[in-house]
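Encoded as structure tokens, the structure appears first; notes follow it.
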Number of protein chains: 2
Amino acid sequence: MSYKVKEVADMVGVSVRTLHHYDQIGLLRPESVSPAGYRLYSDNDLERLQQVLFFKELGFSLQESKDIINKPGFDRKEALSAHKNLLIEKKNRLEKIISNVEQTIGAIEGGRQMDKKEMFEAFDMSEIERHKEKYAEEAEQKYGHTDAFRESQKKTAQYTKEDWTAIMNQGNELYTRIASKMDRGPEDPQVQEAVAQWRQHITNSFYNCTLEIFRGLGDLYVNDERFTANIDQIKPGLARFLREAINIYCNKL
Amino acid sequence: MSYKVKEVADMVGVSVRTLHHYDQIGLLRPESVSPAGYRLYSDNDLERLQQVLFFKELGFSLQESKDIINKPGFDRKEALSAHKNLLIEKKNRLEKIISNVEQTIGAIEGGRQMDKKEMFEAFDMSEIERHKEKYAEEAEQKYGHTDAFRESQKKTAQYTKEDWTAIMNQGNELYTRIASKMDRGPEDPQVQEAVAQWRQHITNSFYNCTLEIFRGLGDLYVNDERFTANIDQIKPGLARFLREAINIYCNKL
DNA sequence: TATTGACTCTAACGTAACGGCATAGTTTAT
DNA sequence: ATAAACTATGCCGTTACGTTAGAGTCAATA
């Protein structure tokens, strides 16, 4: 099932222009395009759009939303829980403002003056901002190597659907090739050769993968369960094996 | 007691730049200015700023806020009640979104698909927008003559504090002059002369006061208690007298 | 089948609400 | 009297779209 722009727009209550815009900045590219050039949105796209609207509601900028959603290993469920907390805080803030309004009304009726500080207390966003920062920082920390991350974002924004599948296929091919040679041990020349290609692949497709970053990636593969699970799916123990191989590779240079 | 920009900024949690901006667009001009050109905000200004922040919280544009607050006869208490209602609706909307998030989480856990419509229900702002419109419309209705109202807003935005007092003094002088001649009846030449000057005064200071608008103003004076109260303060019955005199004036042309 | 009318595209300029920076004058504290 | 902390006025930059403009597309109807 696919939907045209206006259908989506009406369904979710945003303007067509907004969808065009999201397409332009690479925040929400429709899964396919009709022969006439019409945007065709899939159910997946709708889910992603829902994500975006959640983030918007929380006051994230579109760029921030994109960074978070695009983050490899982005976990919808985890994100939603975080959203919920932020929303609840927003609600609390609103409740504060409401009681502030009530106080102000009372003050007018009573003819008394309000304290300057208390007048503006409700508008203090600092608490919410703190949370937002935490959320964004977490992403940076985990997937850090910040400059690389940014560079990657820029590059990948241009990619089409086809580019992505091609890149993923290359990556998977390398993974499986390494997996098939696991019994030879991590220092085996053929394994090392594949590791070198893996690094090259990253540099080509995403960002300049320095040795430092490459090492970091190796650690990431075993330290972040989400990566580990993904990689070990190909072959159990592959994640740890990869880190070993990467370490050896880096030490040789 | 007066406060400098940064004091105000820190007190209410907005940036200095924001206050500059509000000054520039005439939304919040400090009551006075130091010899060196420093903005000096009064307690009154702080109250007005609070108003502005309330409106902002509700999603009104600065222009809209300005229109509403500047509206002659703007009633803070009445406005605050309206705010409260809008805020409560916003809160309801947030609660909807929160439960939507919860549902989505549940859907992910259960592995089932969500209905497209229900996915976006929470984001529907239409209810809030309807309220906003009502609020704005009420202003238009009451003080309507829409084009004139807009033109007036544009013109008056440029006025300095001194301009305002000058204009108000002229207006009051005309009011009292007419009041002093009330016993002669509304068709008296001197009264009619003053009415003509009154119309001229409006045209000069605010907007091109057509006959139609002028008639409307006359009606407004007796139909809106806030105006009636204000005018009758000068002399009881003046509001009705003015409408009579304006009617006669308009019929002659 | 030709023709509306509703819809789509890209491209490009416009707008709101500030953020940020440069440059210059002012106040206050030591 | 001199630095630190503020203040002022520009003016350009940014975000998230709105708003035409000009042109192609698609489904229903005359």
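Chain naming here is simple, since letters A, B, ... match the order of the sequence lines and numbering starts at 1 in each.
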Is any side-chain heavy atom of A:E102 less than 4.5 Å from a side-chain heavy atom of A:I98?
-> yes
Side-chain contact, heavy-atom cut-off 4.5 Å: A:F60 with A:K56?
-> no
Heavy-atom closest contact (B:E31 atom, B:D45 atom, distance) = N-OD2, 2.7 Å
Within-4.5 Å side-chain heavy-atom neighbours: B:V8 and B:L49 | yes
Indicate the atoms forming the closest heavy-atom contact of A:S42 with A:Y3, along with that distance.
-> C-CE1, 4.4 Å
In whole Å, what is the span from the CD atom of A:Q63 to the P atom of C:dG19?
-> 19 Å
Given DNA chain C, 5'-ward residue of the pair B:T18 and B:P35, judged by closest heavy atom | B:T18
Starting at OH of A:Y3 and ending at P of D:dC26, how long is that distance when rounded to a whole Å?
-> 20 Å
From OH of B:Y41 across to C1' of D:dA8 the rounded distance in Å is 12 Å
Would you indicate whether the side-chain heavy atoms of A:V14 and A:Y22 approach each other to under 4.5 Å?
-> no
Answer yes or no: is there a side-chain heavy-atom contact under 4.5 Å between B:H21 and B:L62?
-> yes
Find the distance A:L19:CG to D:dG18:C1' and express it as a whole number of Å.
-> 14 Å
What bend angle does the helix from C:dT1-D:dA30 to C:dT30-D:dA1 show across its length, from five-pair end axes and to the nearest 10 degrees?
-> 10°
Encode nucleotides 3-16 of chain C as B, S and - characters from 5' to 3', where the letter depends on protein heavy atoms closer than 4.0 Å: B to the base, S only to sugar-phosphate, - to neither.
-> ----BSSB-B----
Counting only side-chain N and O atoms of A:Y22, is one of them less than 4.0 Å from OP1 or OP2 of D:dC17?
-> yes
Nearest heavy atoms of B:R39 and B:P30, plus distance in Å = CG-CG, 3.3 Å
Sugar-phosphate only, base, or nothing, as touched by B:S15 at under 4.0 Å among non-hydrogen atoms = sugar-phosphate
Rounded to the nearest 0.5 Å, the CD atom of A:Q24 sits from the CG atom of A:L19 at a distance of 12.5 Å
Specify the separation, in whole Å, of atom CG of B:L40 and atom C1' of D:dT7.
-> 11 Å
